[in-house]
Amino acid sequence: MNVNRTTIFRLRQRLHKTNTVSDWPRSGRPGCYTQRQDRNLVRNHMNNRFLSASASSRQTKGINNQLISANTVRRRLSTSGICARRPYIGPILTQRHRHQRRLWAQEHAT
């Protein structure tokens, strides 16, 4: 099973003691985001790939209408395998620039 023996031993002990192997409740602040809101966030970022995490956090409200932080958005997106990207800010290449770059690359590639 590719798991340490002590892990199996502890799971067996917990099963005999509590009749379940699920995790214990943990201390700490409860999450401010539901799975449904997670799915909506991912869907919004799939529709608009260049939406930044901070802009998304300003648009999204968590439980009890609390605003969520940009770091929370980044974490939620990274668990889904998505990165919040900024659009390229720079000079827009004209057709002439592209042509000259292609000629330069062909000249120096050989």
Side-chain angles (χ1 to χ4, degrees):
M1 290 176 61
N2 203 15
V3 179
N4 197 334
R5 286 174 40 186
T6 56
T7 303
I8 302 296
F9 179 74
R10 287 182 185 144
L11 284 173
R12 258 185 84 213
Q13 276 186 329
R14 188 184 303 168
L15 180 65
H16 289 302
K17 187 177 181 181
T18 63
N19 290 330
T20 183
V21 291
S22 60
D23 287 341
W24 295 92
R26 289 185 171 85
S27 63
R29 184 176 177 178
C32 66
Y33 218 58
T34 64
Q35 289 180 350
R36 184 176 184 178
Q37 290 169 324
D38 239 359
R39 289 191 303 268
N40 286 335
L41 179 68
V42 170
R43 189 174 57 237
N44 287 342
H45 273 273
M46 293 303 282
N47 290 336
N48 187 1
R49 291 282 183 145
F50 295 116
L51 188 65
S52 67
S54 56
S56 183
S57 70
R58 286 190 297 266
Q59 295 173 0
T60 310
K61 297 209 186 246
I63 296 174
N64 299 328
N65 287 331
Q66 291 179 334
L67 290 176
I68 58 172
S69 70
N71 285 333
T72 301
V73 171
R74 285 186 200 98
R75 280 193 305 271
R76 297 297 179 167
L77 290 176
S78 69
T79 57
S80 300
I82 300 172
C83 294
R85 303 256 184 228
R86 288 180 42 214
Y88 175 70
I89 298 173
I92 298 173
L93 297 179
T94 63
Q95 193 68 27
R96 182 172 159 253
H97 289 139
R98 287 191 194 123
H99 179 69
Q100 287 183 346
R101 279 187 174 201
R102 193 176 312 114
L103 288 176
W104 183 89
Q106 288 171 350
E107 180 183 317
H108 288 85
T110 56

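The figures that follow rest on heavy atoms only: side chains count, while hydrogens, waters and symmetry mates do not.
The closest side-chain heavy-atom distance from Leu41 to Thr60 is below 4.5 Å. Looking only at side-chain heavy atoms (C-beta outward), Leu51 and Gln59 come within less than 4.5 Å of each other. With contacts defined as side-chain heavy-atom distances shorter than 4.5 Å, the pair Gln37/Ile68 does not qualify.
Scored by the side-chain hydrogen bond (donor to acceptor under 3.5 Å, both in side chains) test, Ser80 finds no partners at all (sequence neighbours excluded). With sequence neighbours excluded, the residues satisfying side-chain hydrogen bond (donor to acceptor under 3.5 Å, both in side chains) with Arg75 are Thr72. Every salt bridge (Lys or Arg N to Asp or Glu O under 4.0 Å) that Arg26 has, sequence neighbours left out, goes to Asp23. With sequence neighbours excluded, the residues that form a side-chain hydrogen bond (donor to acceptor under 3.5 Å, both in side chains) with Thr20 are Ser22. Annotation: side-chain hydrogen bond (donor to acceptor under 3.5 Å, both in side chains) contacts of His97 (sequence neighbours excluded): Thr94.
The two residues Ala70 and Ala53 have their closest heavy-atom pair at O-CB, 3.9 Å. The two residues Leu93 and Arg98 come nearest to each other via the heavy atoms O-NH2, 3.5 Å.
Expressed to the nearest 0.5 Å, how far OG of Ser52 lies from CZ of Arg74 amounts to 8.0 Å. The CD atom of Gln100 sits 7.5 Å away from atom CG of Leu103, with the distance rounded to the nearest 0.5 Å. Taking CZ of Arg76 as the reference point, atom CZ of Arg39 lies at 12.0 Å (rounded to 0.5 Å).
Paired with Trp104 under the rule side chain to side chain contact (heavy atoms under 4.5 Å, CB included), one option of His108, Glu107, Arg101 passes, and it is His108.
When hydrophobic side chains of Ile, Leu, Val, Met, Phe, Trp and Tyr are connected at separations under 4.5 Å, Leu15 ends up clustered with Leu11, Val21.
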